[in-house]
Visitor: 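Handing you this structure, nothing more for now.
Residue numbers count from 1 along this sequence. Bear in mind the structure is a predicted one, so any value in this text is a computation, not a measurement.
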Amino acid sequence: MVNQSQDAIPPPPPLRVDLLGEFRVFRNGTNLRLRGRKARALLAYLACSPNRTLSRERAADILWSDRGTDQARASLRQTIAEIRGELPSSDALIVGRDTIAFAPGHARSDVDEIMDACANRDSAALARNLERAGDLFLADLSGLSPAFDEWLLSERVRQHDRLVAAAVQAVEPMMGTAQQTDVQTILRGLDRLDPWNEAVARLGFEADFSAGDVAALHRRYRRLAEALQREFGTTPSAETRALFDRLTASEHNRTPPAAPVTVKTTAAAAVTPPTILVSPIEAVPASPEATEIALIVTDDIRTALAQHPELRVLSLESPSLERVAHFCENAISTYMLSGRIRQLGDEIRVNLLIGNARTSVVIWSHQFQLDRQNLTAAVDQVVARAVGAAYPAIDQDLAATLPQEESADAVHRYISARRLIGQGNSVDNVRKGVAMLEQLVADDARHLNARLLLARMYNTDFWQRLAGHDVAAFRTRALALTQEAVTIEPASARLQLRLGWCNLRARNWQQAENFFRKALSAITFDADALNECAFGLCHLGLLDEAEPLMQRAFALNPFAPADYHADYAILLMLRGDTIAAEEHFEVCGERGLQYLAARLANMARGDFADRRARIAKDFVAGLRTAWEPGREPNQTDVREWIRASLPFKQEAQAQMLEDGLLNAVGSSFPA
């Protein structure tokens with residue numbers, strides 16, 4: 001007896017029909033790309049019809065209302081044939097003598113998904129579907145026929161109204177429990193569907209207030225007021241104004257009043273870290289699209305910069321000079337990020353710049369041209385480039401403008417130590433910078449940034465310059481600094497990064513990888529941290545994962561330092577791209593012993609006779625200087641040293657490095 005259940009053919013997956021934005025039909029994630037607009041319009045109308053069933057007479061009348069009956073019916077037959085030819089199978093569409101219908105359960109629309117998410121109070125699903133949805137119902141199907149255009153105009157209003165109403169009703173009880181990111185995504189989606197809806201705006205007020213983002217609350221109210229005045233010549237309702245007044249009054253009640261500008265800093269006032277004021281990006285002209293992009297860019301830049309551990313970010317909306325002066329009074333330096341979005345026909349340009357507020361010198365600027373076909377990705381790139389550039393640009397400016405004199409202030413001392421270490425133009429300067437960091441930790445055991453920078457220094461070849469090849473004490477110190485930092489800020493991404501390197505040095509491969517991945521999950525725009533994580537993954541042999549991270553670090557940091565090139569050169573060497581690796585070694589100018597050793601190992605696989613002898617001489621002299629007094633290092637010492645300096649997990653890579661180095665310098669050391 002045949003088991004029919006085994007022989008049964010599984011039903012094909014349902015069609016996915018997108019009604020918000022451009023009309024599209026998907027099966028198994030593949031866009032079926034119906035060429036004819038009338039074919040798309042017929043399926044769209046069918047998807048919106050009761051029970052998803054439509055009479056042939058009604059279809060002909062609405063899509064070919066400007067033609068005679070016989071011609072309209074003939075055109076309908078051709079359109080149905082086109083649809084059947086494009087669909088991989090005819091199971092989803094049932095065509096009868098008098099009717100056309102979607103088979104029950106064989107078609108789902110984005111509107112269905114949104115309404116289901118509302119009914120189920122599923123904030124994540126609602127956010128996901130609204131983020132994916134376009135902002136205009138059947139945006140590409142206007143102008144097909146007078147009857148269809150009339151239906152489309154009224155259907156857009158009906159669909160937008162029912163979606164927004166359902167979403168507002170669903171979100172209100174979830175405000176205290178849903179993820180803030182989901183709530184903000186939902187609100188942005190609803191704003192796109194109905195930018196004048198005051199119920200949506202009031203939900204946004206509550207969400208902004210709950211998140212402590214008063215600047216966003218003010219921005220949202222101003223945007224609503226301007227939109228209502230521009231479109232309808234009216235103002236927000238009494239209910240909306242009362243809520244705004246109540247929430248902003250609460251903000252003033254819980255925030256100390258700003259000190260007058262005339263108040264002077266006392267001698268005991270603590271200096272605060274570099275402060276950056278992110279001004280609202282201006283849309284010129286203020287079209288709805290450009291204004292929405294400007295708001296998203298401003299919000300996303302503020303949010304991302306606020307996560308940087310060494311910056312203080314202000315998001316004052318329409319700030320007065322008095323408020324700016326008050327909040328920045330004690331900052332070691334103050335910067336302003338501003339910009340404009342210009343819409344020139346079909347082209348959208350974004351100009352951003354960062355300037356030193358005290359010197360008026362522009363320290364970074366960039367112009368972007370947005371790809372309207374992939375606007376979300378284009379906006380993400382603008383945010384990434386601006387945020388990625390901000391701290392390196394500020395760091396470089398501080399190095400040039402910070403007074404050289406001694407200071408008792410912790411912020412000044414930390415930045416001075418960073419400058420000494422970053423310049424790295426002499427061992428004495430690096431030593432002085434490290435000593436300053438040690439004193440900061442001694443003065444304040446909870447100085448996280450000083451601890452983590454010290455741990456980084458003690459896990460690089462810096463310790464060889466100070467203590468020769470015997471680095472056990474420095475590794476122990478690096479681990480102690482990092483473990484103690486866990487009690488200060490356990491969730492810090494930079495702390496996870498340091499723990500990764502401590503475990504890598506100890507050859508705890510899996511623990512190292514786990515910590516690197518934890519760091520990566522929280523690092524998005526920090527180019528230095530991304531590069532460090534990527535270099536750690538190189539040691540673990542995960543080259544395919546490391547390369548795009550290194551490329552991103554280069555893209556984010558407009559002032560990419562030499563070690564980016566040196567680290568990338570090692571990745572290329574491990575991949576066997578000898579020539580490209582040497583090009584990066586040559587351009588970086590790094591003189592650290594581990595980089596010289598890797599460069600020599602790479603040269604062993606190519607024809608670099610013109611420079612190999614010079615690099616070998618520099619390496620031998622440097623290693624002998626760093627070696628412990630009283631004994632000449634031998635070839636075994638060199639082998640052990642390079643394995644400790646660059647602890648590659650994969651034996652083949654470690655052996656390649658060791659053999660290549662000994663091939664270049666082995667004759668300079670006794671066997």
Visitor: List the residues meeting side-chain hydrogen bond (donor to acceptor under 3.5 Å, both in side chains) with E513, not counting sequence neighbours, and say none if there are none.
Guide: R517
Visitor: Can you check side chain to side chain contact (heavy atoms under 4.5 Å, CB included) on M436 and Q439, steps first, answer last?
Guide: CA-CA 5 Å; M436 291 172 68; Q439 188 59 52; 5.7 Å; no
Visitor: Is the backbone of N634 close enough, under 3.5 Å, to the side chain of D637 for a donor and an acceptor to pair up by distance?
Guide: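 A pair under 3.5 Å: yes.
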Visitor: Looking at every heavy atom in both F585 and A566, which two are closest together, and how far apart are they?
Guide: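 F585 and A566 have their closest heavy atoms at CE2-O, 4.1 Å.
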Visitor: Do you know the tightest heavy-atom contact between N449 and P309?
Guide: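 In this case the closest contact between N449 and P309 is ND2-O, 3.5 Å.
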Visitor: Are F516 and L542 close enough that some pair of their side-chain heavy atoms sits under 4.5 Å apart?
Guide: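 No, too far: nothing below the 4.5 Å cut-off.
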Visitor: If every non-hydrogen atom of C538 is compared with every non-hydrogen atom of L571, which pair is closest and at what distance?
Guide: SG-CD1, 3.4 Å
Visitor: Going through the checks in order, is the salt bridge (charged side-chain N to carboxylate O under 4.0 Å, His left out) test met by R451 and E438?
Guide: CA-CA 8 Å; R451 281 183 173 279; E438 286 284 12; over 6 Å; no
Visitor: Nearest heavy-atom pair of L556 and A527: which atoms, and what distance?
Guide: CB-CB, 4.0 Å
Visitor: Distance check, rounded to the nearest 0.5 Å: T298 atom OG1 versus I281 atom CD1?
Guide: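 CD1 of I281 is found 4.0 Å from OG1 of T298.
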Visitor: Under the salt bridge (charged side-chain N to carboxylate O under 4.0 Å, His left out) rule, what do E489 and R494 come out as? Steps first, then yes or no, please.
Guide: CA-CA 10 Å; E489 192 176 330; R494 290 190 175 189; over 6 Å; no
Visitor: Can you tell me how far apart CD (E310) and CG (D395) are? Round to the nearest 0.5 Å.
Guide: 7.5 Å
Visitor: Before we go on, tell me: are the rings of F554 and Y564 under 6.0 Å apart, centre to centre?
Guide: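 Distance test on ring centres: under 6.0 Å, yes.
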Visitor: Please name all residues satisfying ring-ring contact (aromatic ring centres under 6.0 Å, His included) with F559, sequence neighbours left out, ordered by chain then number.
Guide: none
Visitor: Please identify each residue that fulfils side-chain hydrogen bond (donor to acceptor under 3.5 Å, both in side chains) with N663, with sequence neighbours left out.
Guide: R612
Visitor: Could you tell me whether the side chain of N503 and the main chain of L499 form a donor-acceptor pair under 3.5 Å?
Guide: yes
Visitor: Nearest 0.5 angstrom please: D577 CG to E583 CD, how far?
Guide: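 CD of E583 is found 8.5 Å from CG of D577.
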Visitor: Among all residues two or more places apart in sequence or in another chain, which pass the ring-ring contact (aromatic ring centres under 6.0 Å, His included) test with H447?
Guide: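 Result, ring-ring contact (aromatic ring centres under 6.0 Å, His included) vs H447: Y414.
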Visitor: Is there a side-chain contact between I615 and L596 (heavy atoms, below 4.5 Å)?
Guide: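 Yes; the side chains approach each other to less than 4.5 Å.
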Visitor: So, T275 side chain and P273 main chain: donor-acceptor pair closer than 3.5 Å or not?
Guide: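 Answer holds: yes.
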Visitor: Check for a donor-acceptor pair, side chain of R302 on one end and backbone N or O of V278 on the other, with a separation under 3.5 Å.
Guide: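 At least one qualifying donor-acceptor pair exists.
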Visitor: State whether a side-chain donor-acceptor pair under 3.5 Å links Y335 with D397.
Guide: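 D397 and Y335 do have a side-chain donor-acceptor pair below 3.5 Å.
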Visitor: Nearest 0.5 Å please: distance from the CG atom of L497 over to the CZ atom of R456.
Guide: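 Output value for this atom pair is 8.0 Å.
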Visitor: Evaluate side chain to side chain contact (heavy atoms under 4.5 Å, CB included) for D544 paired with R575, printing each intermediate quantity in order.
Guide: CA-CA 10 Å; D544 289 342; R575 279 209 163 146; 2.6 Å; yes
Visitor: Side chains of Y595 and D567: donor-acceptor distance under 3.5 Å anywhere?
Guide: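 The criterion, which ignores hydrogens and geometry beyond distance, is satisfied for D567 and Y595.
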Visitor: Between Y568 and H565, is any pair of side-chain heavy atoms under 4.5 Å apart?
Guide: no
Visitor: Are the side chains of W501 and T482 in contact, using a 4.5 Å heavy-atom criterion?
Guide: no
Visitor: Under 4.0 Å between a side-chain nitrogen and a carboxylate oxygen: does that hold for R599 and D618?
Guide: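 A salt bridge is absent here (no side-chain N lies under 4.0 Å from a carboxylate O).
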Visitor: Among residues at least two apart in sequence or on other chains, which ones pass side chain to side chain contact (heavy atoms under 4.5 Å, CB included) with T524?
Guide: R552
Visitor: Got a second to check how far L440's CG is from R413's CZ, nearest 0.5 Å?
Guide: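 Separation between the atoms: 4.5 Å.
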Visitor: Would a distance-only check, ignoring hydrogens and angles, find a side-chain to backbone donor-acceptor pair under 3.5 Å from D409 to H412?
Guide: yes
Visitor: Before you tell me yes or no, could you show the steps for S365 and I354 under side chain to side chain contact (heavy atoms under 4.5 Å, CB included), namely the whole-Å CA-CA distance, both residues' side-chain angles and the distance that decides it to 0.1 Å?
Guide: CA-CA 6 Å; S365 64; I354 300 173; over 6 Å; no
Visitor: Would you compute the distance between atom CG of L549 and atom SG of C533 and round it to the nearest 0.5 angstrom?
Guide: 7.5 Å
Visitor: Just by distance, with hydrogens left out, do R419 and Q396 show a side-chain donor and acceptor under 3.5 Å apart?
Guide: no
Visitor: Before you tell me yes or no, could you show the steps for F525 and V383 under side chain to side chain contact (heavy atoms under 4.5 Å, CB included), namely the whole-Å CA-CA distance, both residues' side-chain angles and the distance that decides it to 0.1 Å?
Guide: CA-CA 9 Å; F525 305 114; V383 174; 4.3 Å; yes
Visitor: Heavy-atom distance under 4.5 Å between the side chains of Q496 and N514, does that happen here?
Guide: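 They are not in contact (no side-chain heavy atoms under 4.5 Å apart), so the answer is no.
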Visitor: With a 4.5 Å heavy-atom cut-off, do F474 and M457 have their side chains touching?
Guide: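 They are not in contact (no side-chain heavy atoms under 4.5 Å apart), so the answer is no.
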Visitor: Contact between F648 and I642 at the side-chain level, heavy atoms closer than 4.5 Å - yes or no?
Guide: no
Visitor: Verify, without hydrogens or angle tests, whether R505 (side chain) and A644 (backbone) share a donor-acceptor contact under 3.5 angstrom.
Guide: yes
Visitor: Between F515 and W509, is the gap from one ring center to the other below 6.0 Å?
Guide: no
Visitor: Which heavy-atom pair separates N459 from C502 by the least distance, and what is that distance?
Guide: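 Here N459 and C502 meet closest at ND2-SG, 3.5 Å.
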Visitor: Could you list the residues that satisfy side-chain hydrogen bond (donor to acceptor under 3.5 Å, both in side chains) with H539, not counting sequence neighbours?
Guide: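 Scan of H539 (side-chain hydrogen bond (donor to acceptor under 3.5 Å, both in side chains), adjacent residues dropped) gives none.
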Visitor: For the side chain of S210 and the backbone of A207, is there at least one donor-acceptor N/O pair under 3.5 Å apart?
Guide: no
Visitor: Counting only heavy atoms not in Q655, do more than 12 fall under 6.0 Å of its CD?
Guide: yes
Visitor: Compare every heavy atom of A455 with every heavy atom of R498, then report the nearest pair and how far apart it is.
Guide: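 Closest heavy-atom pair between R498 and A455: CD-CB, 3.8 Å.
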Visitor: Heavy atoms, side chains only, cut-off 4.5 Å: are N531 and D563 in contact?
Guide: yes
